[in-house]
Amino acid sequence: MGARSSKTLYSLAVLALAGLMVGTALAQAPASTPAQRAELGRHLFYDPLLSSDGTVACASCHQPQRAFTDGRATSLGAGGRAGVRSAPSLVNVGARTRLFWHGGSPSLELQALGPLSDHNEHDLSPGEVVARLRGSRYAPDFERLYGRPADLSALTDALAAFQRSIVSYQSPFDRYSAGDAGAMSEAAVRGLDLFYGKAECFHCHAGRNLSDNLPHNNALLLFNPDIGLASLTGHDSDVGKFITPTLRNVALTAPYMHAGQLQTLPEVVAHYNSGGEPNPNADPLIRPLNLTPQEEADLVAFLESLTDPAVATNPAWGRPHSVAGENP
Ligand code: HEC
Ligand code: HEC
């Protein structure tokens, strides 16, 4: 299944359920705290109960030790079927204003319906999801936290609450920015100056999460059928535009770009230094940067300083003891 048809499936599922969900959510606001709902969401995030063949959980593709990515160029879902895009990091995902690589989903609540119904991911119909939840050991938790039997609205609320709790601003870069001059290596500090100076990365990788949440074409070779933002707008000028990803924990999230086209951070920096591949839609900021080999290495050292090791080990974000499976 190509990017286009699979994304159309996502959109249809989302549209069909949006009205229903909003209606239900308004009718019965949950009588519980976000922390309680996040804890239920954590269990559901790790539990393969929510997949057609019982092998796929959200955490199959969003693994804490890889900053909630999966280490693959493109993800593998139920039945081992391959998807067309790379799993993005979920660290600080609550701060993102547009989700998915092409920006096609506005909220974490709606987003979760995509992977649940996608044939290449969890591969379950909405009705099956609800039936499984109501017959599962989580049924009493839904009753207690939401005051009603499990439904899609409560499921996506709990998953979103968990994902919003994955907040990390504890990297060496954060400590350096807060005044701890020794937190970053000298090479990383030189790289920081390049990032915000000569290399001009900061225009798109802007703000605290190093993303402007906007679509750009960064001049990658177009070698797969994924047309990015153009799949939403139909404009030729949007072909190959994808939302700028966060760079937090980027040393843990290889391979890189929407389809894992680049393997390592030195390869990414070399791509930008070269000015990228010829592309009519490339952003004007993507042009030869004339960085020396030393400067390229410094930029890589800066990207490595964006890692918070606690993301992998924080028990509040890890696999619950009661959910079987290898700690992914
Ligand atoms: C088979 C692997 C796989 C599974 C399972 C999976 N995801 Fe994803 N996830 C992806 C891929 C690939 C993308 C990028 C999709 C796109 O951009 O079209 C993604 C995107 C996302 C995003 C958007 C992040 C961003 O910054 O744009 C969120 C949030 C997310 N997934 C949460 C979840 C949740 C919650 C579940 C469980 C219900 C889940 N995922 C299950 C692979 C997976
Ligand atoms: C014109 C905006 C723009 C500029 C300037 C820019 N980037 Fe990007 N960056 C993007 C976009 C968009 C993507 C995702 C592209 C895709 O997957 O098709 C990206 C992806 C990346 C990734 C991969 C992240 C991941 O999770 O896969 C890294 C690393 C990165 N950029 C680093 C840099 C560095 C370093 C610079 C400066 C040399 C830079 N970027 C300049 C827009 C930009």
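Whatever order the structure lists them in is the order used to number ligands and atoms, beginning at 1.
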Identify, by atom number and element, the atoms of ligand 1 in contact range of [X], meaning under 4.0 Å from any of its heavy atoms.
| X | result |
| --- | --- |
| Ala57 | 5 (C) |
| Val56 | 5 (C) |
| Ser75 | 1 (C), 2 (C), 12 (C), 42 (C) |
| Cys61 | 1 (C), 2 (C), 3 (C), 4 (C), 5 (C), 42 (C), 43 (C) |
| Leu76 | 1 (C) |
| Arg85 | 12 (C), 16 (C), 17 (O), 18 (O) |

Element-labelled atoms of ligand 2 that are located less than 4.0 Å from some non-hydrogen atom of [X]:
| X | result |
| --- | --- |
| Leu220 | 16 (C), 18 (O) |
| His258 | 16 (C), 17 (O), 18 (O) |
| Ile286 | 1 (C), 4 (C), 5 (C) |
| Met257 | 15 (C), 17 (O), 20 (C), 21 (C), 22 (C), 23 (C), 25 (C), 27 (O) |
| Tyr256 | 23 (C), 25 (C), 27 (O) |
| Cys204 | 1 (C), 2 (C), 3 (C), 4 (C), 5 (C), 42 (C), 43 (C) |
| Asp283 | 1 (C) |
| Glu200 | 5 (C) |

Work out which heavy atom in Asn217 is nearest to a heavy atom in Ile286; give both atom names and the distance.
O-CG1, 4.1 Å
At their closest point, which heavy atom of Thr55 faces which heavy atom of Ser60, and how far apart are they?
O-OG, 3.9 Å
What protein heavy atom sits nearest atom 12 (C) of ligand 2, and how far away is it?
Phe242 O, 3.3 Å
For atom 24 (C) of ligand 2, what's the nearest protein heavy atom and its distance?
Pro245 CG, 3.7 Å
For Tyr146 and Asp141, test the side chains for any donor-to-acceptor distance below 3.5 angstrom and give the result as yes or no.
no
Side-chain donor-acceptor pair present, Asn209, His205, cut-off under 3.5 Å
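Absent: no donor and acceptor within the cut-off.
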Near atom 8 (Fe) of ligand 2, is there an N/O/S atom from Thr244 that is less than 2.8 Å away?
no
Tell me whether atom 8 (Fe) of ligand 2 has Cys201 as a neighbour, meaning an N, O or S atom of it below 2.8 Å.
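Here the distance criterion (N, O or S atom, under 2.8 Å) is not met by Cys201, so no.
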State if His205 counts as touching ligand 2 under the rule of any non-hydrogen atom under 4.0 Å.
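Right, His205 reaches ligand 2.
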Determine whether any heavy atom of Trp101 lies closer than 4.0 Å to an atom of ligand 2.
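Trp101 counts as a contact of ligand 2 under the 4.0 Å cut-off.
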[Y] backbone acceptor or donor facing [X] side chain under 3.5 Å:
| X | Y | value |
| --- | --- | --- |
| Asn281 | Gly240 | no |
| Trp101 | Ser86 | yes |
| Tyr256 | Val250 | yes |
| Lys198 | Asp193 | no |

Any side-chain heavy atom of [X] within less than 4.5 Å of one from [Y]?
| X | Y | answer |
| --- | --- | --- |
| Arg248 | Leu210 | yes |
| Asp298 | Leu194 | yes |
| His203 | Thr244 | no |
| Leu40 | Leu145 | yes |

Does only the side chain of [X] get under 4.0 Å from ligand 1, or the backbone, or both, or neither? Count heavy atoms.
| X | answer |
| --- | --- |
| Leu99 | both |
| Ser60 | neither |
| Leu90 | side chain |
| Ser105 | neither |
| Leu108 | side chain |

Can you tell me how far the CD atom of Gln63 sits from the CZ atom of Arg319, to the nearest 0.5 Å?
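The distance works out to 9.5 Å.
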From the options [options], select the one whose nearest heavy atom is closest to [atom].
| atom | options | answer |
| --- | --- | --- |
| atom 41 (C) of ligand 2 | Phe302, Phe202, Tyr272 | Tyr272 |
| atom 30 (C) of ligand 1 | Arg96, Arg72, Arg98, Gln111 | Gln111 |
| atom 34 (C) of ligand 1 | Pro88, Ala259, Cys58 | Cys58 |
| atom 28 (C) of ligand 2 | Val300, Leu291, Leu247 | Leu247 |

What pairs of residues pass the ring pair (Phe, Tyr, Trp, His ring centres under 6.0 Å) test when at least one of them lies in residues 167-194, not counting sequence neighbours?
Phe173-Phe302
If we only consider heavy atoms of Val84, is any one of them less than 4.0 Å away from an atom in ligand 1?
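In this structure, Val84 fails to qualify as a contact of ligand 1 - no heavy atom is under 4.0 Å.
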Under a 4.0 Å N-O cut-off, is there an ion pair linking Asp47 with Arg42?
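Looking at Arg42 together with Asp47, the answer is no, because their closest N to O distance does not fall below 4.0 Å.
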Ion pair Asp157/Arg37, N-O distance below 4.0 Å:
yes
Taking distance alone, with N or O pairs closer than 3.5 Å, would you say Phe100 contacts ligand 1?
yes
May I ask you to check if any N/O/S atom from His62 comes under 2.8 Å of atom 8 (Fe) of ligand 1?
yes
Does a sphere of radius 6.0 Å around CD in Glu143 hold more than 12 heavy atoms from other residues, nucleotides or ligands, not counting ones at 6.0 Å or beyond?
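Yes, because the 6.0 Å sphere around CD of Glu143 holds more than 12 heavy atoms from other groups.
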Arg190 atom CZ, over 12 foreign heavy atoms within 6.0 Å
yes
